[in-house]
Amino acid sequence: MAGVSLKCGDCGALLKSVEEAQEHAELTKHTDFSESTEAVLNLVCSTCGKPCRSKTESDLHTKRTGHTEFTDKTSETTKPISLEVPKSSNDVDMVDASTAGEPEEMVVPDVDSKLLEELELMGFSKERATRALHFSGNSSLEAAANWIVEHEDDADIDQMPLVSAKSKSEPPKPSLTPEERKAKAQELVERARKKKEEEEKRMEREREKERIRIGKELLEAKRMEEENERKRIIALRKAEKEEERRAREKIRQKLEEDKAERRRKLGLPAEDPTAPKPPPPVVEEKKSSLPIRPATKAEQMRECLRSLKQSNKDDEAKVKTAFNTLLTYVKNAATKPDEEKFRKIRLSNAAFQDRVGNLEGGIKFLELCGFEKVEGDEFLFLPREKIDRAVLNSAGTELNSAINNPFFGVL
């Protein structure tokens with residue numbers, strides 16, 4: 001059976017003519033060709049008429065255009081291959097003695113300048129665009145783009161193609177009309193735009209995921225910081241309580257030492273700490289003929305402050321705030337007696353209730369300073385004529401002592 005194609009022994013490509021084999025050899029430097037009875041595949045798209053010479057090419061066409069129907073016209077186009085090398089009309093001139101032996105001049109092939117410009121605007125390099133137009137026959141922008149997709153892995157994809165200067169010819173006219181070519185170009189531009197938009201959306205999703213991840217990390221870091229601060233405060237309070245306990249123990253030891261020193265000076269034996277202490281003698285209570293002295297206002301104020309601290313001993317900050325608030329009320333009443341706003345307190349005020357009103361002894365302390373409940377127990381009011389500076393000074397002294405003495409209300 002006569003051969004119907006030429007097969008490249010280096011890569012297995014099937015070629016329809018000697019001219020194609022020569023071009024293939026120029027591009028790939030392959031030199032091993034043989035005649036083959038295997039026909040070159042010719043699948044024609046039923047929708048747009050594009051010929052495809054391999055199953056891979058038809059699959060790529062389907063992927064790009066969505067066209068799935070192809071007609072196999074291999075048998076119609078198959079014919080015996082001619083192995084004669086075509087001769088050009090100027091072959092006779094090549095045997096001229098003056099030019100014989102000179103190296104053949106290679107030049108860049110002519111391509112459609114408008115199509116080349118459009119491909120460059122789409123982002124392809126000039127070498128790649130020129131190569132695509134040359135090997136796709138300058139037929140259309142789509143054909144050139146398809147060629148680039150199919151050959152993007154070629155090693156020489158970005159090398160400028162070269163052809164013999166003697167065989168250089170005018171580029172073939174595009175088969176599409178200007179309107180069709182413009183529509184195809186617009187379609188390719190639209191595809192590129194959509195691809196760019198999809199990529200931007202994907203990047204935006206990635207950025208949003210990154211923002212969410214960073215937000216979670218910041219929240220976790222804040223939570224850890226708050227947890228560490230809470231532990232630090234607890235440890236600080238524990239250390240303060242331990243320091244207070246040691247101070248009480250030191251005072252107790254000092255009292256024991258003073259007691260032992262007094263016994264030594266009196267010539268009494270040292271007290272045995274292990275010996276059981278005798279029960280205190282029962283003393284019959286005698287009625288005193290003297291009247292019992294009532295507690296002074298200063299003592300009553302001190303007892304109010306002591307009760308307030310004892311009932312809130314686990315919250316030193318609240319106790320300190322209450323003492324400072326009471327000191328402010330007393331100071332304002334003493335220094336600005338003519339201004340009623342400093343002598344009148346609304347009992348329902350949230351700040352007052354939180355700092356003083358809800359604490360044991362807070363309101364009673366103010367009443368000892370001269371404040372009275374008025375208007376249906378809605379206000380605490382200190383009348384101008386009932387201001388006693390001695391009482392207010394005594395209240396200020398007791399408050400300063402409670403604030404500055406770390407052992408106030410402890411022992």
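- Contacts classified as side chain to side chain donor-acceptor pair (under 3.5 Å) and involving residues 198-212 (residues at least two apart or in different chains) are given here: E199-R202, E204-R207, E204-R211, E208-R211, E210-R213.
- With values rounded to the nearest 0.5 angstrom, C52 atom SG is found 7.5 Å from E150 atom CD.
- Pairs of residues two or more places apart, or lying in two chains, that qualify as side chain to side chain donor-acceptor pair (under 3.5 Å) and include a residue from residues 379-392 are D338-R384, E372-K386.
- In this structure, CD in E142 is found 6.0 Å from CZ in R191, a value given to the nearest 0.5 Å.
- One distance of note links CD1 of I148 with CZ of F124; it measures 4.0 Å at 0.5 Å rounding.
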Name every donor-acceptor pair, under 3.5 Å, that has one atom in a side chain of residues 351-364 and the other anywhere in the protein, sequence neighbours excluded.
| residue | atom | partner | partner atom | Å |
| --- | --- | --- | --- | --- |
| Q353 | NE2 | L347 | O | 2.4 |
| N358 | ND2 | Q353 | O | 3.1 |

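- Using modelled atom types, one side-chain atom of H151 and one backbone atom of W147 make a donor-acceptor pair closer than 3.5 Å.
- One finds a salt bridge joining E303 and R306 here, because a Lys/Arg side-chain nitrogen approaches an Asp/Glu carboxylate oxygen to under 4.0 Å.
- By the neighbour-count criterion of 12 heavy atoms within 6.0 Å, atom CD of E249 is densely surrounded, having more than that number from other residues, nucleotides or ligands.
- To the nearest 0.5 Å, atoms NE2 (H67) and SG (C48) are separated by 5.5 Å.
- Atoms NZ and OG1, from K331 and T335 in turn, are 7.0 Å apart once rounded to the nearest 0.5 Å.
- Side-chain atoms of E256 and Q253, non-hydrogen and from C-beta on, never get closer than 4.5 Å to each other.
- In this structure, the separation between CE on M160 and OG1 on T130 is 4.0 Å, given to the nearest 0.5 Å.
- Applying the side chain to side chain donor-acceptor pair (under 3.5 Å) test to every pair with at least one member in residues 393-403, sequence neighbours left out, gives these pairs: R302-E398.
- The side-chain contact (heavy atoms from CB on, under 4.5 Å) test applied to T71 returns S46, K73, not counting sequence neighbours.
- Counting heavy atoms from C-beta outward, F135 and L27 have side chains that approach closer than 4.5 Å.
- Sequence neighbours left out, the pairs with a member in residues 120-138 that pass salt bridge (charged side-chain N to carboxylate O under 4.0 Å, His left out) are R128-D158, R131-D156.
- Here the closest non-hydrogen pair linking L382 and G370 is CD1-O, 3.2 Å.
- The salt bridge (charged side-chain N to carboxylate O under 4.0 Å, His left out) analysis of residues 227-240, with sequence neighbours excluded, yields the pairs E227-R230, E229-R232.
- Partners of F342 by side-chain contact (heavy atoms from CB on, under 4.5 Å), not counting sequence neighbours, listed by chain and number: N332, K336, E339.
- Inter-residue side-chain proximity for H61 and L43 is flagged as unmet; no heavy-atom pair is nearer than 4.5 Å.
- Between K50 and E57 there is a side-chain heavy-atom pair separated by less than 4.5 Å.
- With a 4.5 Å cut-off on side-chain heavy atoms, T47 and T65 do not count as touching.
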request  = Let me see the working for E242 and R245 under salt bridge (charged side-chain N to carboxylate O under 4.0 Å, His left out), right down to the final yes or no.
outcome  = CA-CA 5 Å; E242 180 64 21; R245 186 192 64 77; 2.5 Å; yes

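- Across all non-hydrogen atoms, the minimal contact from E152 to I157 is O-CG2, 4.2 Å.
- Listed by first and then second residue, the side chain to side chain donor-acceptor pair (under 3.5 Å) pairs that reach into residues 311-325 come to none, sequence neighbours excluded.
- Ion pairing between a basic and an acidic side chain is recognised when a charged N comes within 4.0 Å of a carboxylate O; D59 and K63 show no such pairing.
- Residues passing the side-chain contact (heavy atoms from CB on, under 4.5 Å) test with V149 are R64, sequence neighbours excluded.
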key: T28/D10 under side-chain contact (heavy atoms from CB on, under 4.5 Å): CA gap, chis, key distance, verdict   = CA-CA 10 Å; T28 63; D10 295 314; over 6 Å; no

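- Here the shortest heavy-atom pairing between V44 and G49 reads CG1-O, 3.7 Å.
- The nearest pair of heavy atoms linking I387 to R343 is CD1-CD, 3.6 Å.
- Residues L380 and K344 form no side-chain contact, since every pair of their non-hydrogen atoms from C-beta on lies 4.5 Å or further apart.
- E243 is linked by a side-chain hydrogen bond (donor to acceptor under 3.5 Å, both in side chains) to R246, counting only residues two or more places apart in sequence or in another chain.
- Between C304 and L368, the shortest heavy-atom distance links the atoms SG-CD1, 3.9 Å.
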request  = Evaluate the criterion salt bridge (charged side-chain N to carboxylate O under 4.0 Å, His left out) for residue pair E220 and K216; output intermediate values, then yes/no.
outcome  = CA-CA 6 Å; E220 180 64 18; K216 289 182 178 179; over 6 Å; no

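- Put simply, the side chain of V330 reaches to within 4.5 Å of the side chain of L399, judged on heavy atoms.
- For E226, the side-chain contact (heavy atoms from CB on, under 4.5 Å) partners at least two apart in sequence or on another chain are K222.
- Across all non-hydrogen atoms, the minimal contact from A144 to L133 is CB-CD2, 3.8 Å.
- A salt bridge links E261 to R264: one of the charged nitrogens lies within less than 4.0 Å of a carboxylate oxygen.
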